[in-house]
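First the structure, in the form of C-alpha cells, and then the observations on it.
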Amino acid sequence: MKYLITGGAGFIGSHLVDKLIKQNHQVVVIDNLSTGKKENLNPKVEFYQLDIRDFNKIKPCFQGVDYVLHLAAIPRVPISIKDPVGTSQVNILGTINVFKAAIDEGVKRIIFASSSSIYGDQKKFPLKENMIPNPLSPYGLQKFVGEQTAKLFVGLYKVPIVCLRYFNVYGPRIDFDSDYSLVLGKFLRLRVQNKPLTIFGDGEQTRAFCYIDDVVDANIKAAESKKIKGGEIINIGQKKSYSINYLSKLIGGSVQYLPPRLGDPLHTQADINLAKKLLNWQPKTDFATGVGKTKEWFENHNLIKK
Ligand code: UD1
C-alpha cells in the first residue's frame with residue numbers, strides 16, 4: 001500500500017513511518033521541518049519539504065496514495081494561546097488543505113490526529129467521545145474544527161475520514177529542548193541539567209499518558225479496520241491516568257512549583273471502549289515501563305550537554 005504522512009519527520013509521524021517501512025509499504029512524507037527533524041526521517045521515504053498551507057504545492061504528492069495519516073500541526077497548548085492566528089492557519093486551514101487534496105486525488109481513507117484537548121474540563125470521567133467538547137485553548141478548538149471538518153467532508157465528498165483523539169503521547173524522540181516541550185521530555189532534560197523539575201500548579205493534575213508504540217498501532221489499525229466507515233471519533237489513551245507529581249517522582253530530583261498554566265485542563269482519563277470495538281485496540285505499555293523506555297532512549301543518546 002502507499003501511505004502519505006504529513007508531519008512524518010515529527011515525533012509521532014516518524015515512528016509511524018518507520019513501522020510502515022518495516023511492513024514494506026511505500027511511504028511519502030510531507031513536512032516543513034518547522035518542528036519535525038531531518039534526523040528523524042527514514043531514508044527510505046519519498047520526502048517533500050512542503051508546508052500544508054500551500055494547497056497547490058501539496059496536492060500532487062497525494063497522487064496514487066491509498067492512506068493518508070495527517071499529523072502535521074503546530075502543537076502545544078501554550079503556543080496556541082500566544083499565537084491563535086498563526087496556529088489556526090496551520091492547524092485549521094492546513095488541515096482543510098490536506099483533506100481536500102487527498103479527496104481530489106481519490107485516496108481510500110484519511111486518519112486525522114486529533115487531541116484530548118478538545119474535552120477541556122469535564123465533570124465526568126472517564127472521557128467519552130460523545131461528551132460535549134469544551135476546549136480551553138485555541139489548540140483544542142483547532143483540533144475540534146478539524147474533527148468537524150472531517151465529519152462534514154465525509155458527508156459531502158464520501159471519503160472515509162477517521163479522527164483519533166490522542167491523550168498525551170510520550171516515548172523515544174519526544175521533544176525536550178524548549179520551554180514548550182511535553183512534560184516528560186522537559187523533565188528528562190531538567191534532571192540531566194540538575195535543575196528542579198518545573199511543576200505548574202499543585203502537580204495533582206492528571207494525564208492519561210499513552211506510549212508511542214500504542215499510538216502507532218492504533219493508526220495502523222485505523223487504516224486497516226473494516227469497521228471504519230468515516231466520521232468516527234476514537235479516544236486513543238490510557239484508562240488509568242497519572243499525576244504530574246507522580247511523574248516527577250519517577251524522574252527524581254528536586255521540584256519547583258509554579259503558578260498553573262493557562263488553558264490546562266485538570267484531569268484526563270480515556271474511555272477506550274470504542275477503540276476496542278472498532279479497532280480491536282488497547283494500550284499494551286504501562287506508564288512505568290514506557291517512562292523507563294523513554295529515559296533509556298534519552299540517556300543512550302546523550303542528547304544534552306550538561
Ligand atoms: C496537550 C493535549 C494533548 C496534545 C498536546 C499537544 C490536553 C489534555 N492534552 O497536552 O492531547 O497532544 O497538548 O501539545 O490538552 N506540566 C508541568 N510542568 C512542565 C510542563 C508541563 O507541570 O514543565 C504539566 C502541564 O501543566 C500539564 C501536564 O504537565 O498539566 C502535561 O503538559 P504537556 O506535556 O505540555 O501536555 P498537555 O498540554 O497536557
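Note that ligands are numbered from 1 as they come in the structure, with each ligand's atoms numbered from 1 the same way.
- For F176 and F187, the gap between ring centers reaches or exceeds 6.0 Å.
- Cluster note: I118 groups with F144 through ILVMFWY side-chain heavy atoms spaced under 4.5 Å, whether in direct contact or through intervening members.
- Within 4.0 Å of ligand 1, heavy atoms belong to protein residues P75, R76, V77, S115, S116, S117, Y139, Y166, N168, L182, V183, K186, F187, T198, I199, F200, Q205, R207, I244, R261, D264, P265, T268.
- Pairs passing the ring pair (Phe, Tyr, Trp, His ring centres under 6.0 Å) check and including a residue from residues 260-286, sequence neighbours excluded, do not occur.
- Apart from L136 itself, the hydrophobic cluster it occupies contains nothing, where clustering links Ile, Leu, Val, Met, Phe, Trp and Tyr at side-chain heavy-atom distances under 4.5 Å.
- A cation-pi arrangement, defined by a distance under 6.0 Å to the six-membered ring centre and an angle within 45 degrees of its axis, is present between R165 and Y119.
- With ring centers used as reference points, F287 lies 6.0 Å or more from Y211.
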